[in-house]
> 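My questions will all concern the structure given below.
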Protein chains: 2
Amino acid sequence: MDLVDDAPGPAARQDTARSRAGQENVARILDAALDVFATFGFRGSRIEQIAAAAGLSKTNLLYYFRTKEDLYLAVLQRTLDMWLEPLRALDPARDPADALGDYIARKLAASRDEPAASRLFALEVIQGAPIVAPLLEKTLAAIVAETAGTIEGWVEQGKLGPVSPRHLIYSIWATTQHYADFAAQVRAIEGRDLSDPAFFAEACEHVTRTILQGVLPR
Amino acid sequence: MDLVDDAPGPAARQDTARSRAGQENVARILDAALDVFATFGFRGSRIEQIAAAAGLSKTNLLYYFRTKEDLYLAVLQRTLDMWLEPLRALDPARDPADALGDYIARKLAASRDEPAASRLFALEVIQGAPIVAPLLEKTLAAIVAETAGTIEGWVEQGKLGPVSPRHLIYSIWATTQHYADFAAQVRAIEGRDLSDPAFFAEACEHVTRTILQGVLPR
DNA sequence: GCGACTCTTGATCGAACGGTCAAGGGGCGC
DNA sequence: GCGCCCCTTGACCGTTCGATCAAGAGTCGC
């Protein structure tokens with residue numbers, strides 16, 4: 001799950017003891033950095049901009065994170081866990097309609113609650129996943145394999161129609177993440193986004209019904 | 001459809017007469033710029049990198065496009081047309097299954113043939129659509145309104161189940177664009193992408209069947 | 001209240017980058 | 001083959017940005 005080799009050389013300031021104020025600053029920096037990186041990408045983000053968003057001076061930020069890249073990796077690492085969490089595999093013992101419905105709801109809630117994390121991940125992948133590629137090929141591929149196996153089992157038991165498991169997974173990811181990654185577009189058309197409970201319910205109901213009807217046996 | 005006011009001041013070199021070599025250079029620059037911008041975004045892209053990709057010197061590129069922003073706008077403008085084309089409205093007179101199937105196939109083919117255009121557009125929207133926002137609110141919203149009206153008509157005629165037109169549109173966009181925007185992820189899991197005819201057929205069949213089954217009356 | 005830290009700051013550096021300038025090729029029409 | 005104009009180049013400039021440094025302010029334990 002780690003993106004970087006730890007302790008790559010001289011002790012980073014990140015490793016030293018830290019006061020209460022220090023911990024709060026680190027947290028504020030990570031929050032601000034997530035927003036900025038998720039909007040402008042790595043190269044497009046200015047360290048000073050992140051510092052300002054966190055209420056610190058640029059120099060002060062660099063006291064906590066030695067380089068811009070260190071900060072980016074820290075943000076990405078913290079984000080990936082919360083991002084992968086809703087992707088956890090399906091329970092083969094459950095009824096597919098229930099299990100898939102939960103899965104979709106979880107993923108859509110993640111798009112509502114952590115849109116910046118979704119966008120940061122999307123930016124990474126659009127850029128060819130220069131950093132997270134190893135993680136995709138290992139962790140994510142493993143999660144997909146497991147999930148696909150469960151779906152395949154349901155198909156063989158006749159609980160699902162003849163569906164391609166991996167494409168089904170892509171469909172669910174795509175539709176749910178769309179509301180976070182393309183929020184600006186949805187907002188331009190719709191005038192609202194997932195933070196509106198009514199719209200969230202609509203989206204959840206549509207995605208669930210469409211996909212479930214599409215894969216359940218007729 | 002225009003993104004910029006034309007002739008914003010002194011005559012740009014873009015307006016002057018142009019030899020055969022010049023036209024070829026402009027085309028090569030625009031192609032290279034699309035790839036680079038689609039990968040690194042506006043701020044993350046280096047003008048020299050684009051020039052190198054086009055086989056020109058930085059100064060030479062700046063002869064054709066006065067500023068980086070001019071070049072970006074030119075790329076975006078040329079891209080948007082090809083991007084919006086497959087979104088053209090559905091024919092209300094047709095059978096919804098046929099019309100929607102065509103729509104999906106067209107959109108998926110666009111993801112295969114112009115993945116960079118799709119990614120560039122995605123980057124723009126993820127960043128909050130700083131430049132294309134007006135276009136989204138006008139042109140795109142109009143296209144959506146028309147398409148949604150057609151779908152609504154099918155619903156009222158009982159040719160479709162009770163589906164939310166706009167969410168259906170989002171689902172189609174999301175699933176088809178996913179194969180272009182998240183190609184790196186799909187490749188990491190799948191080992192191939194839409195350029196593989198077999199995979200394209202799989203994806204097309206899955207999306208079409210899942211979505212159509214999900215919206216056709218039972 | 002003293003000492004040892006963690007934290008904060010402003011001045012500053014060097015590289016990278018967008019953009020300019022002046023000068024010189026090179027092709028095309030006449 | 002001559003001249004005009006498009007094209008190409010390399011040297012250069014000013015700014016921005018990531019990163020360093022030295023010095024001082026807070027703060028916490030004792």
Side-chain angles (χ1 to χ4, degrees), chain A residues 4 8-33 35-37 39-76 130-131, chain B residues 4 8-33 35-37 39-76 130-131:
Chain A
V4 227
R13 290 191 185 81
Q14 292 165 246
D15 299 338
T16 61
R18 185 153 287 157
S19 72
R20 205 164 17 258
Q23 294 177 17
E24 279 170 21
N25 281 341
V26 168
R28 283 223 309 280
I29 291 171
L30 287 173
D31 286 343
D35 279 340
V36 175
F37 281 138
T39 303
F40 300 105
F42 176 71
R43 294 217 276 186
S45 299
R46 311 280 144 97
I47 244 179
E48 191 156 18
Q49 184 185 5
I50 297 172
L56 278 73
S57 70
K58 180 178 68 169
T59 314
N60 201 4
L61 185 153
L62 285 169
Y63 168 77
Y64 292 100
F65 297 92
R66 285 208 336 284
T67 69
K68 186 185 181 184
E69 196 171 344
D70 279 357
L71 174 57
Y72 184 69
L73 289 173
V75 170
L76 206 52
I131 292 179
Chain B
V4 227
R13 289 189 186 80
Q14 293 164 246
D15 300 337
T16 61
R18 185 154 288 156
S19 72
R20 204 161 22 254
Q23 294 177 18
E24 279 170 19
N25 281 341
V26 168
R28 282 223 310 280
I29 291 171
L30 288 173
D31 286 343
D35 280 340
V36 175
F37 281 137
T39 303
F40 299 106
F42 176 72
R43 294 217 276 185
S45 299
R46 312 285 139 115
I47 245 180
E48 191 156 18
Q49 184 184 6
I50 297 172
L56 279 73
S57 69
K58 180 179 70 169
T59 313
N60 201 3
L61 184 153
L62 285 168
Y63 168 77
Y64 292 100
F65 297 91
R66 285 209 334 286
T67 68
K68 187 183 180 185
E69 196 171 345
D70 279 357
L71 174 57
Y72 184 69
L73 288 174
V75 170
L76 207 50
I131 292 178

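Here the structure is a predicted model, which means the values were calculated and not measured. Naming: A, B, ... by sequence-line order, numbering from 1 per chain. Heavy atoms only: backbone and side chains are in, while hydrogens, waters and symmetry mates are out.
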> Rounding to an integer number of Å, can you tell me how far B/Gln49 CD sits from C/dA16 P?
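Value for this atom pair: 14 Å.
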> Can you tell me how far P of C/dC7 sits from CZ of A/Phe65, to the nearest Å?
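From A/Phe65 CZ to C/dC7 P: 12 Å.
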> Heavy atoms, side chains only, cut-off 4.5 Å: are A/Leu71 and A/Phe37 in contact?
yes
> Who passes side chain to side chain contact (heavy atoms under 4.5 Å, CB included) against A/Ala32, sequence neighbours left out?
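Result, side chain to side chain contact (heavy atoms under 4.5 Å, CB included) vs A/Ala32: A/Ile50, A/Ala53, A/Ala54.
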> Nearest-Å distance, CG (B/Leu71) to C1' (C/dG19)?
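After rounding, the gap between these two atoms is 14 Å.
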> Would a 4.5 Å heavy-atom cut-off, applied to side chains only, mark B/Tyr63 and B/Asn25 as touching?
no
> Enumerate donor-acceptor pairs with a distance under 3.5 Å from any side-chain N or O in residues 41-49 of chain B to protein atoms, sequence neighbours excluded.
{"from": "B/Arg43", "atom 1": "NE", "to": "A/Gly44", "atom 2": "O", "distance (Å)": "3.1"}
{"from": "B/Arg43", "atom 1": "NH2", "to": "A/Gly44", "atom 2": "O", "distance (Å)": "3.0"}
{"from": "B/Ser45", "atom 1": "OG", "to": "B/Val36", "atom 2": "O", "distance (Å)": "3.4"}
{"from": "B/Ser45", "atom 1": "OG", "to": "B/Gly41", "atom 2": "O", "distance (Å)": "2.6"}
{"from": "B/Gln49", "atom 1": "OE1", "to": "B/Arg46", "atom 2": "N", "distance (Å)": "3.4"}

> Once you round it to whole Å, what is the distance between P of C/dA11 and CD of A/Glu48?
14 Å
> Tell me every residue that passes side chain to side chain donor-acceptor pair (under 3.5 Å) with A/Asn60, counting only those two or more places apart in sequence or in another chain.
none
> Mind checking what makes side chain to side chain contact (heavy atoms under 4.5 Å, CB included) contact with B/Thr59, not counting sequence neighbours?
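Residues passing side chain to side chain contact (heavy atoms under 4.5 Å, CB included) with B/Thr59: B/Ser57.
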> Could you tell me the separation between the CZ atom of B/Arg46 and the C1' atom of C/dG19, rounded to a whole number of Å?
15 Å
> Can you check each nucleotide of nucleotides 8-13 of chain D against protein heavy atoms at under 4.0 Å and return B for base, S for sugar-phosphate only, - for none, in 5' to 3' order?
BBBB--
> Measure the distance from CG on A/Leu62 to P on D/dA22 and round it to the nearest whole Å.
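Going from A/Leu62 (CG) to D/dA22 (P), I get 16 Å.
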> Rounding to an integer number of Å, can you tell me how far B/Glu69 CD sits from C/dG19 P?
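In whole Å, C/dG19 P lies 8 Å from B/Glu69 CD.
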> Measure CZ/B/Phe40 against P/C/dC17 and give the value in whole Å, please.
11 Å
